[in-house]
Engineer: 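One structure, as structure tokens, below. Some questions next.
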Amino acid sequence: MAEHQFDAIIVGAGFGGIGAAIQLKRLGFDDFVLLEREDDLGGTWYVNHYPGLAVDVPTTSYSYFFEPNPNWSRLFSTGTEIKQYADDVADKYDVRRHIRFNTTVEGARWDEDAGVWRVALAGGETLTARYLITATGFLSQPLTPEIPGITGFEGTIIHTADWDDSYDPTNRRIGIIGTGATAVQLIPELARAAADLTVYQRTPIWVVPKVDVPFSARAKRLFARLPLAQRAIRVLTDALYEFMVYVAVVHRRTFRGRFNIAASDLAKMYRFVTIRDKDLQRRLTPDYDFGCKRPTFSNSYYQSFNKSTVHLQDSGINRIEPDGIVANDGSKAVIDTLVLATGFDLWEANFPAIEVVGRDGRNLGKWWRETRFQAYQGVAVPYFPNFLSLASPYAFIGLNFFNTMEYQMRHMDRLFGEVKRRGASTFEVTEEANTRYLDRMTELLGDSIFTLGNCASARSYYFNPRGEATLLRPMSMRAAVREASEYPLSDYHIS
Ligand code: NAP
């Protein structure tokens with residue numbers, strides 16, 4: 001039997017993969033498959049379900065441009081609601097029937113003679129497609145720290161990205177490692193129930209209050225009947241976040257860190273009014289600029305440390321023993337549960353998340369490491385025909401993943417539209433266009449907080465292991481969306 005050749009294979013059924021699928025459908029493709037390693041869709045919003053999970057971008061902005069959701073219960077919605085939104089969108093656009101769950105992709109190789117991608121699955125099967133789109137997300141490979149003794153711990157170990165919903169923290173003695181955005185949401189939940197909670201902080205995080213409001217039934221009815229009303233609020237919340245990224249991150253040179261100072265003053269005042277102990281205030285204060293690392297929003301994180309049962313341990317972890325954690329200051333916390341809020345391996349395991357081999361045997365991961373991390377407009381790479389990588393260097397726009405998705409869908413629209421118009425079957429970005437984009441990103445980064453700010457001690461995942469801040473696309477969302485709709489088609493070889 002002749003092998004089936006798909007029009008396209010999309011790797012990942014999170015919001016990136018679902019958006020790419022919707023775009024392919026709009027372009028008239030129907031014979032495509034989404035390969036998803038989990039048993040359900042939603043990506044990070046399916047995998048993460050730890051207590052306290054909520055979005056830290058206003059939900060009026062946290063949706064596809066074309067699919068506002070009138071059902072959000074509040075301005076900063078919960079993880080459960082966002083997962084529901086992913087389900088609703090996938091059903092509405094009939095994406096679910098294209099998804100193959102429990103399917104782990106091992107690698108993809110461009111077959112030059114046949115002009116197709118061969119995609120190898122765990123278990124030995126190989127699928128073939130004309131186009132390959134990887135939508136593997138930025139935060140999809142959980143990081144388990146290599147701490148001496150960790151494998152010998154005899155209590156319960158839970159990574160926040162693999163939360164056990166049956167776990168009850170009531171009266172437990174818990175140690176939690178990490179103080180990133182996840183820990184900031186989880187710590188207040190654990191602090192409420194645990195008999196004892198020790199928080200292992202390596203790098204303090206900037207925390208500002210969260211201005212959250214519920215949406216009344218009336219507001220939801222209004223959003224449903226008059227989507228324009230919700231869009232109007234989106235314009236405001238988009239503009240606010242866009243302003244923050246523009247002023248505090250991208251145009252540091254022009255604004256000379258004034259916004260960053262104001263934001264850190266706000267965080268300082270917030271610490272001052274919420275934490276009684278002066279020494280604790282000091283130890284929770286970051287020594288790097290606001291904006292070097294993704295800041296967090298919480299109305300309950302700092303307050304948790306006022307409880308007599310919650311302890312901050314910031315001397316570093318020496319080792320883990322079967323019944324506890326020994327810190328560098330010699331003290332030992334005896335615990336029955338070790339929570340790893342240690343985040344994700346962004347650079348080593350994720351760029352790329354699967355092995356991708358293009359034309360002339362070029363291996364994407366090796367090439368990025370031997371040269372520099374780069375991808376034209378955050379999606380395309382020379383020597384990789386018919387391939388779009390949505391989780392690329394210089395792809396992520398500011399704080400909101402949906403803004404990244406918006407420009408990437410427009411990029412696909414322009415590119416695949418042209419391929420179809422010409423009756424062509426192959427596209428590949430030119431080396432010249434890729435170099436031009438990389439040079440421009442490098443130049444723009446020169447004006448950003450990552451070059452001009454005090455970021456050395458931030459340990460921020462915005463920086464790759466070589467110390468270059470190659471994650472964010474340092475421009476406004478409007479500019480990225482405009483470029484995605486107007487880039488010169490001559491930037492691609494189309495044949
Ligand atoms: P993260 O920001 O990478 O934080 C990981 C934490 O673990 C850091 O405090 C890190 O310390 C610590 N850590 C890692 N390895 C360690 C080790 N060996 N020893 C001691 N400490 C160690 O991960 P995350 O909190 O899961 O958040 C990741 C991203 O997910 C966020 O930035 C955000 O973009 C997203 N997120 C969003 C939401 C939301 O929308 N509401 C919620 C959660 C997460 P160092 O800082 O010293 O490295």
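Everything quoted here is computed from the prediction, not taken from an experiment. Order of appearance sets the numbers: ligands from 1, and atoms from 1 within every ligand. Quick note: numbers below take in every heavy atom, side chains included, and nothing from hydrogens, waters or symmetry partners.
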Engineer: Could you walk me through whether Ser392 and Tyr376 pass the side-chain hydrogen bond (donor to acceptor under 3.5 Å, both in side chains) test, one step at a time?
Structural biologist: CA-CA 9 Å; Ser392 275; Tyr376 170 75; over 6 Å; no
Engineer: Report yes or no: does a heavy atom of Leu139 sit under 4.0 Å from some atom of ligand 1?
Structural biologist: yes
Engineer: Return the closest protein heavy atom for atom 9 (O) of ligand 1 as residue, atom name and distance.
Structural biologist: Thr179 N, 2.8 Å
Engineer: So if I count the atoms of ligand 1 from 1 in the order they appear, which ones are less than 4.0 Å from some heavy atom of Tyr50?
Structural biologist: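 So the answer, numbered in order with elements, is 42 (C), 43 (C).
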Engineer: For atom 23 (O) of ligand 1, grab the closest protein heavy atom and report residue, atom and distance to one decimal in Å.
Structural biologist: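 Atom 23 (O) of ligand 1 sits closest to the protein heavy atom Gly343 CA, 3.2 Å.
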Engineer: Can you report which non-hydrogen protein atom sits closest to atom 18 (N) of ligand 1, along with the distance?
Structural biologist: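 Going atom by atom, the protein heavy atom closest to atom 18 (N) of ligand 1 ends up being Pro145 CB, 3.3 Å.
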Engineer: Out of Thr78, Thr144, Leu340, Thr342, whose heavy atom is nearest to atom 13 (N) of ligand 1?
Structural biologist: Thr342
Engineer: Return the residue, atom name and 0.1 Å-rounded distance of the protein heavy atom closest to atom 4 (O) of ligand 1.
Structural biologist: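 Minimum-distance protein heavy atom for atom 4 (O) of ligand 1 reads Gly180 CA, 3.6 Å.
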Engineer: Considering only non-hydrogen protein atoms, determine which one is nearest to atom 10 (C) of ligand 1 and report residue, atom name and distance to 0.1 Å.
Structural biologist: Arg202 NH2, 4.4 Å
Engineer: Nearest protein heavy-atom contact for atom 26 (O) of ligand 1: which residue, which atom, what distance?
Structural biologist: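 The answer is Thr182 OG1, 2.6 Å.
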Engineer: Within the 4.0 Å heavy-atom shell around Gln185, which atoms of ligand 1 are there?
Structural biologist: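 Near Gln185, the atoms of ligand 1 are 41 (N), 42 (C).
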Engineer: Determine whether the aromatic ring centres of Tyr241 and Tyr62 lie less than 6.0 Å apart.
Structural biologist: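 They do not qualify: ring centres at least 6.0 Å apart.
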Engineer: Which of the numbered atoms in ligand 1 are under 4.0 angstrom from any heavy atom belonging to Arg294?
Structural biologist: 32 (O), 33 (C), 34 (O)
Engineer: Check ligand 1 against Lys293 and write out every atom of the ligand that is under 4.0 Å from a heavy-atom position of the residue.
Structural biologist: 45 (P), 46 (O)
Engineer: Of the backbone atoms (N, CA, C, O) and the side-chain heavy atoms from C-beta on, which set of Tyr461 has a member under 4.0 Å from an atom of ligand 1: side chain, backbone, both, or neither?
Structural biologist: side chain
Engineer: Test of understanding: given a 4.0 Å heavy-atom threshold, classify the contact between Ala161 and ligand 1 as side chain, backbone, both, or neither.
Structural biologist: neither
Engineer: Suppose we measure from atom 21 (N) of ligand 1 to each protein heavy atom; which comes out shortest, and what is that distance?
Structural biologist: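 Result: Ile177 CG2, 3.6 Å.
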Engineer: Would you check, one step at a time, whether the test ring-ring contact (aromatic ring centres under 6.0 Å, His included) holds for Tyr93 with Phe66?
Structural biologist: CA-CA 12 Å; Tyr93 291 86; Phe66 55 87; 5.7 Å; yes
Engineer: Take Tyr394 and Arg473 through the test side-chain hydrogen bond (donor to acceptor under 3.5 Å, both in side chains) and record every step on the way to the result.
Structural biologist: CA-CA 4 Å; Tyr394 299 117; Arg473 182 171 178 166; over 6 Å; no
Engineer: Among all protein heavy atoms, pick out the one at the shortest distance from atom 45 (P) of ligand 1; state its residue, atom name and that distance to 0.1 Å.
Structural biologist: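 Ranking protein heavy atoms by distance from atom 45 (P) of ligand 1, first comes Thr203 OG1, 3.5 Å.
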